[in-house]
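Before any comments, here is the structure.
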Protein chains: 2
Amino acid sequence: MNHLAVFKALSNPTRLQILTWLKTPEAYFPEQQEPFSTGVCVGQIQKKSGMTQSTISENLSVMQRAGLVTSIRKGQWTYYKRNEAAFEQLSLVVASEI
Amino acid sequence: MNHLAVFKALSNPTRLQILTWLKTPEAYFPEQQEPFSTGVCVGQIQKKSGMTQSTISENLSVMQRAGLVTSIRKGQWTYYKRNEAAFEQLSLVVASEI
DNA sequence: AATTTATATCGTTTTTTCCCGATATATCAA
DNA sequence: TTGATATATCGGGAAAAAACGATATAAATT
């Protein structure tokens, strides 16, 4: 875990917002058909954010490179979901390492 | 606790470095006379960092505004120390809120 | 094969952050 | 009060980050 990259990834209101949405996707993406265990696709997140597609795609990439989310491609769609293990690990890092 | 401000404060290698030093000041500032419970003064941190006085002062301010460190003035010196409660709180936030 | 849909990447502009030197302020010592 | 020391603040230049539109890629559909 690259602490600096993780903190940078968390230093942006758009990305924090996305993480909140992905925490309880059933609350924020009720229209989704796909089971939430798969994640949420980029387009849904983009629509909700009001930002452009490229911006959201970039922001998701930043979080993925930091290890905070994972993605899986299914057909034309890419589903992103939180990597909860990363948050647990980060919690420990903050509590005792940093 | 302003999460965004905290993460921004942690998104800088110089500041992360300073936090490490302040975690075990007796290891990193053995020359200090003042008891470590008071904190470490700006000049010592600056000397160790190799950066300019203004840069270190700014970086300490950023962390103080985020609540990660506290400062106390004693005569001409300002001593900074970690606010461990903030890290505990942040750990909980990362584990369950974000 | 051609078209459509979803996402990623590229190039650019704007904004923010970082670090610096210079200067201001505060305290101490003479 | 003057001079010295420690820290904070200011102004600016360089670098990094953020967001955008345009375009490329990948998969599905016809």
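Letters A, B, ... mirror the listed sequences (proteins, then strands); counts begin at 1.
- When the side-chain nitrogen and oxygen atoms of A:Asn59 are compared with OP1 and OP2 of D:dA19, one or more of them lie within a distance under 4.0 Å.
- In terms of hydrophobic clustering, with Ile, Leu, Val, Met, Phe, Trp and Tyr side chains grouped at heavy-atom distances under 4.5 Å, B:Ile98 and A:Val6 are assigned to a common cluster.
- A sub-4.0 Å separation between OP1 or OP2 of D:dC20 and a side-chain N or O of A:Thr52 is present.
- As rounded to whole Å, 12 Å separates atom P of D:dA18 from atom CD1 of A:Ile18.
- Proximity note for B:Ser54 (side chain, C-beta onward) versus D:dA19, D:dT9, D:dA26: the nearest is D:dT9.
- If A:Ile56 and A:Lys8 are placed on DNA chain D by their nearest nucleotide, the residue sitting closer to the 5' end is A:Lys8.
- Atom CE in A:Met51 sits roughly 7 Å away from atom C1' in D:dA19 (whole-Å rounding).
- Across all strands, B:Ser57 comes closer than 4.0 Å to base atoms (heavy-atom distances).
- From B:Ser91, atom OG reaches atom CD of A:Glu97 across 11.5 Å, with rounding to the nearest 0.5 Å.
- A distance of 11.0 Å separates CZ in B:Arg73 from OH in B:Tyr79, rounded to the nearest 0.5 Å.
- Counting any heavy atom pair closer than 4.0 Å across all strands shown, A:Thr55 reaches a base atom.
- At distances below 3.5 Å, at least one donor-acceptor pair connects side-chain atoms of A:Ser61 with backbone N or O atoms of A:Ser57.
- Look at CD on A:Gln53: it is 12 Å from C1' on D:dT25, rounded to the nearest Å.
- Atom-to-atom distance recorded for B:Leu19:CG and B:Leu60:CG is 9.0 Å, nearest 0.5 angstrom.
- Note: CD (B:Glu58) to P (D:dG12) measures 15 Å, nearest angstrom.
- The interatomic distance linking B:Tyr79 (OH) with D:dT5 (C1') rounds to 13 Å, in whole Å.
- For the residue pair A:Asn12 and A:Arg15, the shortest heavy atom distance occurs at OD1-N, 3.0 Å.
- Taking atom CD1 of residue A:Ile45 and atom P of nucleotide D:dA19, one finds them 15 Å apart after rounding to whole Å.
- OP1 or OP2 of D:dA18 lies within a sub-4.0 Å distance of a side-chain N or O belonging to A:Asn12.
- Nucleotides of DNA chain C with any atom under 4.0 Å from a heavy atom of chain B span, from 5' to 3', C:dT17 to C:dC28.
- Using bins of under 30°, 30° to 60° and over 60° for the plane-to-plane angle, the ring pair B:Phe29/B:Trp21 lands in the perpendicular bin.
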